[in-house]
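What follows is a single structure, written as structure tokens, with notes after it.
All values below were derived from every heavy atom in this structure, side-chain atoms included, with hydrogens, water molecules and symmetry-related copies excluded.
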Amino acid sequence: MNADQLISEIIQYCEANANPETAAKSQRFFKEPHEFYGLSSPQITSKVKQLLKTPGINLETVIQATNTLVKSPKYEVPAFGLLLINGMGKQFTKETFASIASWYTISIDNWAHADALGMMVLPQFMLKGIVNISAFKQWIVSPYKFQRRSVPVTLIKVLKNNKTADFTQYFAFIKPLMTDKEREVHQGVGWFLREAWKIQPEPTEKFLLKWKDKAPRLIIQYATEKMTKENKERFKRFKA
């Protein structure tokens with residue numbers, strides 16, 4: 001199966017399983033307008049599993065296909081590419097990482113696609129030692145908000161897989177995001193800090209105390225969500 005055949009099979013599957021009722025309901029999960037076929041998550045994941053077992057399919061084919069799939073205005077089509085990439089982890093290289101980075105410049109334009117990369121695909125590069133945290137340096141200052149969001153979301157799985165690591169290195173790295181202007185980035189940063197707090201509360205709280213009067217409140221809100229009411233009080237913004 002070559003890239004064109006893979007693209008064709010995905011599109012045909014989407015068209016054959018389109019559900020206008022489900023499609024109409026899907027928009028409520030997103031602030032930005034999107035188009036949908038109306039496929040369910042089980043339908044997508046089932047087809048992805050089938051495609052990954054296709055004789056001859058490999059990382060190069062999937063990358064080539066996904067370069068086109070991510071351009072589709074239909075939400076499900078890029079999702080197929082991202083999930084197929086996730087199934088190719090054993091073949092990942094630094095070149096694969098660069099290919100994924102380029103997709104943000106094309107059409108990673110919603111939290112779900114960004115988080116599919118951040119939660120599943122991107123952590124593999126760090127956990128396998130293919131890249132280190134410095135590979136995300138340009139992502140931190142990317143003009144694309146969902147690429148910036150993907151940095152803290154990626155680090156969530158990294159810290160969960162190395163709970164004794166020095167988390168202050170991650171906190172130092174995400175500092176530029178602590179004053180980001182975009183809500184979606186605030187959510188990603190707050191989520192990361194909440195998960196870090198669950199594992200290493202002391203250094204996380206120390207970091208939060210430094211930023212509680214400067215960071216957007218949504219970051220602090222997310223980060224302190226699981227704390228007791230009394231503990232949350234420590235992170236309220238100071239009022240002169």
Could I get the full list of side chain to side chain contact (heavy atoms under 4.5 Å, CB included) partners for [X], not counting sequence neighbours?
| X | result |
| --- | --- |
| N231 | W197, E205, M227, T228, R234, F235 |
| Q12 | S8 |
| S46 | none |

Legend entry - Residue list, ring pair (Phe, Tyr, Trp, His ring centres under 6.0 Å) with F125, at least two apart or on another chain: F92, F97
Inset, instruction - List for me each residue that meets ring pair (Phe, Tyr, Trp, His ring centres under 6.0 Å) alongside H113, sequence neighbours excluded, and say none if there are none. - result: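 H113: ring pair (Phe, Tyr, Trp, His ring centres under 6.0 Å) contacts with Y75.
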Legend entry - Minimum side-chain heavy-atom gap L52-M88 below 4.5 Å: yes
Inset, instruction - List the steps and the verdict of salt bridge (charged side-chain N to carboxylate O under 4.0 Å, His left out) for K145 and E184. - result: CA-CA 7 Å; K145 64 182 178 181; E184 292 86 355; 3.3 Å; yes
Legend entry - side chain to side chain donor-acceptor pair (under 3.5 Å) contacts touching residues 151-164 (sequence neighbours left out):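 Qualifying pairs, neighbours excluded: K160-E195.
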Inset, instruction - Give the C-alpha distance, both sets of side-chain angles, the deciding distance and a yes or no for side-chain contact (heavy atoms from CB on, under 4.5 Å) between T22 and L39. - result: CA-CA 7 Å; T22 301; L39 273 66; over 6 Å; no
Legend entry - Pairs satisfying salt bridge (Lys or Arg N to Asp or Glu O under 4.0 Å), at least one member in residues 37-46, at least two apart: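 Salt bridge (Lys or Arg N to Asp or Glu O under 4.0 Å) check on residues 37-46 returns no pairs.
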Legend entry - Selection residues 39-56 - residue pairs positive for salt bridge (Lys or Arg N to Asp or Glu O under 4.0 Å), sequence neighbours left out: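 Matches after skipping sequence neighbours: E9-K47.
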Inset, instruction - Working to the nearest 0.5 Å, report the span between CD1 of I85 and CE of M120. - result: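 Nearest 0.5 Å value for the CD1-CE distance: 11.5 Å.
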Legend entry - T93 and T96 side chains, donor-acceptor separation under 3.5 Å: yes
Legend entry - Donor-acceptor side-chain pairing of N86 and Q124 below 3.5 angstrom: yes
Legend entry - With E60 via salt bridge (Lys or Arg N to Asp or Glu O under 4.0 Å) - residues at least two apart: none
Inset, instruction - Only counting residues at least two apart or in another chain, list the ones meeting salt bridge (Lys or Arg N to Asp or Glu O under 4.0 Å) with K206. - result: none
Inset, instruction - Assert yes or no for the condition that the ring centre distance of W111 to F30 is strictly below 6.0 Å. - result: yes
Inset, instruction - Provide the full list of ring-ring contact (aromatic ring centres under 6.0 Å, His included) pairs with a residue in residues 37-57, sequence neighbours left out, each pair given once. - result: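 Found none.
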More than 12 heavy atoms from other groups under 6.0 Å of [atom1] on [X]:
| X | atom1 | answer |
| --- | --- | --- |
| E32 | CD | yes |
| K198 | NZ | yes |
| K175 | NZ | no |

Give every donor-acceptor pair under 3.5 Å between a side-chain atom in residues 132-140 and any protein atom, sequence neighbours left out.
unit_1, atom_1, unit_2, atom_2, d
N132, OD1, S134, N, 3.0
N132, OD1, S134, OG, 2.3

